[in-house]
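Structure record follows, encoded as structure tokens.
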Amino acid sequence: MPIRKTEKYSETPLYRLRHSASHVMAQAVMEMFPGQAKITIGPPIEDGFYYDFDLPRPLTPEDLGQIESRMREIIRGDHPFVRRELSAAEAKQLFADQPYKLELIEGLEHGAADEDGNPLTAPPVISIYTSDTFTDLCRGPHVQRTGQINPDALKLLNVSGAYWRGDEKRPMLQRIYGTAWDSAKELEEYLWRLEEAKKRDHRKLGKELDLFSINPEVGPGLVLWHPKGALVRYLMEDFCKREHLANGYELVDSPHVGRGHLWETSGHLDFYRESMYAGMEMDNETYYVKPMNCPFHIMIYNSGLRSYRELPIRYAEWGSVYRYEKPGVLHGLMRVRGFTQDDAHIFCRPDQMPEEIDRVLKFCLHILRAFGFTQFHAYLATRPKEKSVGEAAQWEAATEALRASLERSGLEYALDEGGGAFYGPKIDLKIADAIGREWQCSTIQFDFNEAARFNLHYINEAGQEEQPYMIHRALLGSMERFFGVMIEHYAGAFPVWLMPVQVMAIPIADRHNEYAQKVADQLRRAGIRVNVDVRTERMNAKIRDAQMQKIPYMLVMGDKEAVAGAVAVRLRSGEDKGAMPVEQFIAMVNKAVDSRE
RNA sequence: GCCGACGUAGCUCAAUCGGCAGAGCAACCGCCUUGUAAGUGGUAGGUUACGGGUUCGAUUCCCGUCGUCGGCUCCA
């Protein structure tokens, strides 16, 4: 997850503690490679800290253990952190054999940037902190003594590569991530959270629950939806499509490939080529697999002359797109090469724009809430400083429309200055999952580029051609990613209405199979998805398996139930609801489905 | 794409120094006929990712390719 440093955090004791821990770690690493380790920067981050080094050889997990042990020794030494301010010249002398530090000092000296590369506002003060044998160029603050770091609440987590200053053209450094807390208990809790996140990993659950797979023989980043996953997707899509139709959208469909001409007009071949799959030659023509759906929706719009009376036009499509993503960035369902967007394009008159934004935002929250998300963070991304198309007046109007709509919605939002697309401003929505992680799915974007390039227009009241505003929006974003988020949010235990198998009928002995089948048929007629476990296994084993499949209801059926025409209901929470008539159970399931709980 | 680690049965993982590739679960065939999280016996399952090299001999050592994982960069 991206780390957002808030001012608040940087003033907390925990921040000082972690910052200090990173210095102690740097000392331990320096000692491991005397005279050879080049230090760079080592800030606190959410839940911990890191430090980037340029080292003569790659670090191993064993090194981490050694560094951690040495850190504990340094901590026990209870060395004071001593701050000293000095001139740039003196600092350069002090760090003469530390090229990265020299570069930082240069930056400070010329007032260009601080240690994070951010522009400085105040005249720079160059300071160093010394603890034990280690001195680092550092703004602070730190704890007073190394002994204030709890050696039992400290752990080094992993090593990875990181570019110097985050620039892929600059040297690759080795980054050590660590975490530090006030107490061992907090460390335990943090490690538990990491474990919990691992248990929820959609890649792991996708395999265990047989939802999907990604097979290298098919191709990296290309998803195979297995029957259970495909059913969940179908249910999600079915719900969303109905809601779209009920909210003024029209469903459209478009091909997976189109002529090169189309992508030249749209500008994709200029701006987006390296993300597109290579063209295919046919009939002296190059066809491209679509990376976006917009040109097709535009062609539908342009298939006839539009009157101002027809607007707004809202075209929605579950459109599958393919984008070439670099091999290293692929990640389960979260970052793939082929995915289906719940895409829509809204064409409206300028005067309709505010209401359209309101509607989209409201509709978006409605959909996300239906899937069980309740916490959102909105970001308003404005015009990029360089490279953008469209008139200043358009940008202003569109950005203000987005802002006004956000204000009306009551959502808290942050400004993402210059974060808009080159073709228009946008609102991004991030959703928080059950364990507090944020995911970006929804996006609402203005597009001035394609409206102009495809010469979109409608005939206004005066009989003149006018260019409509075009809004591009995706609510779930992509079915793949959203499904991944859903898996992690619910840890695979989806709400009843989305569960591929809602009920597992569990006959106790073979002689109860017939009754179980009869009940199952009755449930199926009531629209409930039920399986019967007729294996010659013990009831306990059947319960365990159903439990591990996170099936919401287990119906245990033995002699008593068969005689009474009842089912003994066990919930996946472990709760035993006891025996009840089949009709009563059906009502119970229907209620859960209807309330989407 | 970059840095690092990894790739053994459907799944999870073993295999000492380079010396006949193994276990549990799942699958299949039986026995047991079961009351709220794994009953039991047996059978089958492998070009150790792929290609090359070193060696009498490679899962093991070396090189390359592909893929996966942790990050970085990117993410209209």
Side-chain angles (χ1 to χ4, degrees), chain A residues 2 50 52 54-55 57-61 63 157-177 198 201 203-204 207-208 210 213-221 266-268 271-272 274-275 291-292 294 321 323-332 334-337 381 384 387-389 419-426 428 440 443 445-447 449-450 472 474 477 481 506-513 535-549 554-561 568-572 574-579:
Chain A
Y50 68 79
D52 286 346
D54 191 346
L55 300 175
R57 66 162 174 85
L59 290 166
T60 65
D63 293 328
L157 299 171
N158 53 355
V159 196
S160 65
Y163 297 110
W164 168 234
R165 297 237 138 149
D167 185 343
E168 61 181 324
K169 291 181 190 68
R170 315 218 40 191
M172 177 64 73
L173 307 169
Q174 296 193 64
R175 173 172 297 180
I176 306 178
Y177 283 96
K198 252 190 217 170
D201 191 315
R203 294 165 299 185
K204 177 172 137 69
K207 202 181 277 180
E208 286 171 4
D210 198 15
S213 63
I214 295 172
N215 186 336
E217 288 190 67
V218 174
S266 71
H268 284 100
F271 295 110
Y272 206 66
E274 75 269 17
S275 294
M292 290 183 190
C294 8
V321 297
R323 298 178 185 174
Y324 174 78
E325 301 281 359
K326 290 176 182 172
V329 308
L330 300 173
H331 181 88
M334 302 304 192
R335 192 81 181 268
V336 292
R337 284 180 175 167
K387 268 213 302 193
S388 62
V389 303
F422 73 88
Y423 51 71
K426 61 177 182 173
D428 286 331
Q440 197 206 308
T443 183
Q445 311 178 341
F446 270 86
D447 188 339
N449 177 52
E450 287 181 306
H472 167 115
R481 166 179 271 224
I506 299 177
I508 290 178
D510 292 351
R511 66 175 180 279
H512 308 119
N513 286 354
R535 295 174 303 164
T536 53
E537 286 289 349
R538 276 167 167 64
M539 180 206 64
N540 277 334
K542 294 180 183 179
I543 287 179
R544 180 169 192 271
D545 290 344
Q547 195 77 47
M548 293 205 301
Q549 288 298 304
M554 284 152 266
L555 300 185
V556 178
M557 290 176 246
D559 292 331
K560 283 183 284 185
E561 288 75 17
V569 181
R570 179 194 161 101
L571 307 182
R572 61 185 162 188
E575 188 187 348
D576 185 351
K577 302 292 270 188

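Proteins come first, then strands; the chains are lettered A, B, ... in the order of their sequence lines, and each starts at number 1.
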(request) For C2(B) and A21(B), measure between their P atoms and round to the nearest Å. (result) 37 Å

(request) Would you kindly give the NZ-to-P distance between Lys204(A) and C69(B), to the nearest whole Å? (result) 15 Å

(message) To the nearest 0.5 Å, what is the distance between OH on Tyr163(A) and CZ on Arg170(A)?
(response) 13.0 Å

(request) For Pro216(A), check side chain to side chain contact (heavy atoms under 4.5 Å, CB included) against everything at least two apart and list the hits. (result) none

(request) Not counting sequence neighbours, which residues clear ring pair (Phe, Tyr, Trp, His ring centres under 6.0 Å) with Tyr50(A)? List them please. (result) Tyr177(A)

(request) Could you state the atom-to-atom distance from CG of Asn215(A) to C1' of C50(B) in whole Å? (result) 15 Å

(message) Please give the distance between the C1' atoms of G46(B) and A27(B) as a whole number of Å.
(response) 16 Å

(message) Whole angstroms only, please: what is the CZ-P distance between Arg544(A) and G35(B)?
(response) 18 Å

(request) Go through the steps to decide whether Arg165(A) and Asp167(A) satisfy the test salt bridge (Lys or Arg N to Asp or Glu O under 4.0 Å), and finish with yes or no. (result) CA-CA 5 Å; Arg165(A) 297 237 138 149; Asp167(A) 185 343; over 6 Å; no

(request) Using a 4.0 Å heavy-atom cut-off, write out nucleotides 62-68 of chain B from 5' to 3' as B (base contacted by protein), S (sugar-phosphate only) or - (no contact). (result) -----SS

(message) Using atom C1' in both nucleotides, what's the gap between U47(B) and C29(B) to the nearest angstrom?
(response) 29 Å

(request) Can you tell me which stems RNA chain B forms, taking runs of 3 or more consecutive Watson-Crick or G-U pairs with both distances under 3.5 Å? (result) B:1-7 with B:66-72, B:10-13 with B:22-25, B:27-31 with B:39-43, B:49-53 with B:61-65

(request) Check whether any side-chain N or O of Arg572(A) sits under 4.0 Å from OP1 or OP2 of A37(B), and answer yes or no. (result) no

(request) Check salt bridge (charged side-chain N to carboxylate O under 4.0 Å, His left out) between Glu208(A) and all other residues, then give those that pass, not counting sequence neighbours. (result) Lys204(A)

(request) Name the closest nucleotide to the Asp559(A) side chain, picking from C72(B), G35(B), U36(B). (result) G35(B)

(message) Please report the distance separating the P of A9(B) from the corresponding atom of A15(B), rounded so that it comes out in whole Å.
(response) 15 Å

(message) Between Arg535(A) and Lys207(A), which residue's closest nucleotide on RNA chain B lies nearer the 5′ terminus?
(response) Lys207(A)

(message) Nearest 0.5 Å, please: how far is CE in Met554(A) from CZ in Arg572(A)?
(response) 8.5 Å

(request) Please work out if Arg175(A) contacts a base, only the sugar-phosphate, or nothing of the nucleic acid, heavy-atom cut-off 4.0 Å. (result) sugar-phosphate

(request) To the nearest 0.5 Å, tell me how far Asn513(A) CG sits from Arg535(A) CZ. (result) 12.0 Å

(request) List the atom of Ala579(A), the atom of Glu561(A), and the distance in Å for their closest heavy-atom pair. (result) CB-OE2, 4.5 Å

(message) Test of understanding: with salt bridge (charged side-chain N to carboxylate O under 4.0 Å, His left out), list the residues that count as partners of Lys577(A), not counting sequence neighbours.
(response) Glu575(A)

(request) Calculate, to the nearest 0.5 Å, the distance between atoms CE and NE2 belonging to Met292(A) and His472(A) respectively. (result) 7.0 Å

(request) Between C56(B) and C50(B), how far apart are the P atoms? Round to whole Å, please. (result) 25 Å

(request) Give His472(A) one of three labels, base, sugar-phosphate or nothing, depending on what nucleic acid heavy atoms sit under 4.0 Å from its own. (result) nothing

(request) Spell out, as yes or no, whether a donor-acceptor pair under 3.5 Å connects the side chain of Arg323(A) to the backbone of Ser275(A). (result) no

(message) For a quick test of reading the model: is some side-chain N or O of Lys542(A) closer than 4.0 Å to OP1 or OP2 of A38(B)?
(response) no

(request) Nearest whole angstrom, please: distance from the P of G10(B) to the CG of Asp210(A). (result) 15 Å

(message) What's Gln549(A) touching, base or sugar-phosphate or nothing? Going by heavy atoms closer than 4.0 Å.
(response) nothing

(message) Using the P atom as the point on both nucleotides, what is the distance between U40(B) and C6(B), in whole Å?
(response) 37 Å

(request) Quickly work out the Asp576(A) CG to G35(B) P distance and round it to whole Å. (result) 14 Å

(request) Please identify each residue that fulfils ring pair (Phe, Tyr, Trp, His ring centres under 6.0 Å) with His268(A), with sequence neighbours left out. (result) Trp263(A), Tyr272(A)

(message) Measure CZ/Arg170(A) against C1'/C72(B) and give the value in whole Å, please.
(response) 15 Å

(message) Distance check, rounded to the nearest 0.5 Å: Asn540(A) atom CG versus Gln547(A) atom CD?
(response) 11.5 Å

Every protein N/O within reach of nucleotides 3-9 of chain B N/O, cut-off under 3.5 Å:
| unit_1 | atom_1 | unit_2 | atom_2 | d |
| --- | --- | --- | --- | --- |
| C3(B) | O2 | Gly161(A) | N | 3.2 |

(request) Look at all strands and tell whether Ala568(A) reaches a base, only sugar-phosphate, or nothing, counting heavy atoms closer than 4.0 Å. (result) base

(request) Starting at CD of Glu325(A), measure out to CD of Glu274(A) and round the result to the nearest 0.5 Å. (result) 10.5 Å

(request) Would you mind classifying the nucleic acid contact of Asp510(A) as base, sugar-phosphate or nothing, using non-hydrogen atoms under 4.0 angstrom? (result) base

(request) To the nearest Å, give me how far apart CD (Gln547(A)) and P (A38(B)) are. (result) 11 Å

(message) For the P atoms, the ones on U43(B) and on C62(B), what distance do you get once it is rounded to whole angstrom?
(response) 39 Å

(message) Please give me the minimum heavy-atom distance between Ala381(A) and Gly420(A), naming the atom from each residue.
(response) CB-N, 3.5 Å

(request) Using atom CZ of Arg538(A) as one end and atom C1' of G35(B) as the other, report the distance to the nearest whole Å. (result) 12 Å

(request) Please name the pair of heavy atoms, one in Leu330(A) and one in Gly221(A), separated by the smallest distance, quoted to 0.1 Å. (result) CD1-N, 4.0 Å

With the criterion being N/O to N/O and under 3.5 Å, what pairs connect the protein with nucleotides 40-46 of chain B, and how long is each?
none

Which protein N or O atoms sit under 3.5 Å from an N or O of nucleotides 73-76 of chain B?
| unit_1 | atom_1 | unit_2 | atom_2 | d |
| --- | --- | --- | --- | --- |
| U73(B) | O2' | Glu168(A) | OE2 | 3.3 |
| C74(B) | O2 | Arg335(A) | NH2 | 3.0 |
| C74(B) | N3 | Arg335(A) | NH1 | 3.3 |
| C75(B) | O2 | Arg335(A) | NH1 | 3.0 |
| A76(B) | O2' | Tyr423(A) | OH | 3.1 |
| A76(B) | N6 | Phe271(A) | O | 2.6 |
| A76(B) | N1 | Phe271(A) | O | 2.7 |

(request) Taking salt bridge (charged side-chain N to carboxylate O under 4.0 Å, His left out) as the test, write out the residues that go with Asp52(A), two or more places apart. (result) Arg175(A)

(message) Taking only the C1' atom of each, what is the distance from C11(B) to G4(B) in whole angstrom?
(response) 27 Å

(message) Which residues pass the salt bridge (charged side-chain N to carboxylate O under 4.0 Å, His left out) test with Lys169(A), not counting sequence neighbours?
(response) none

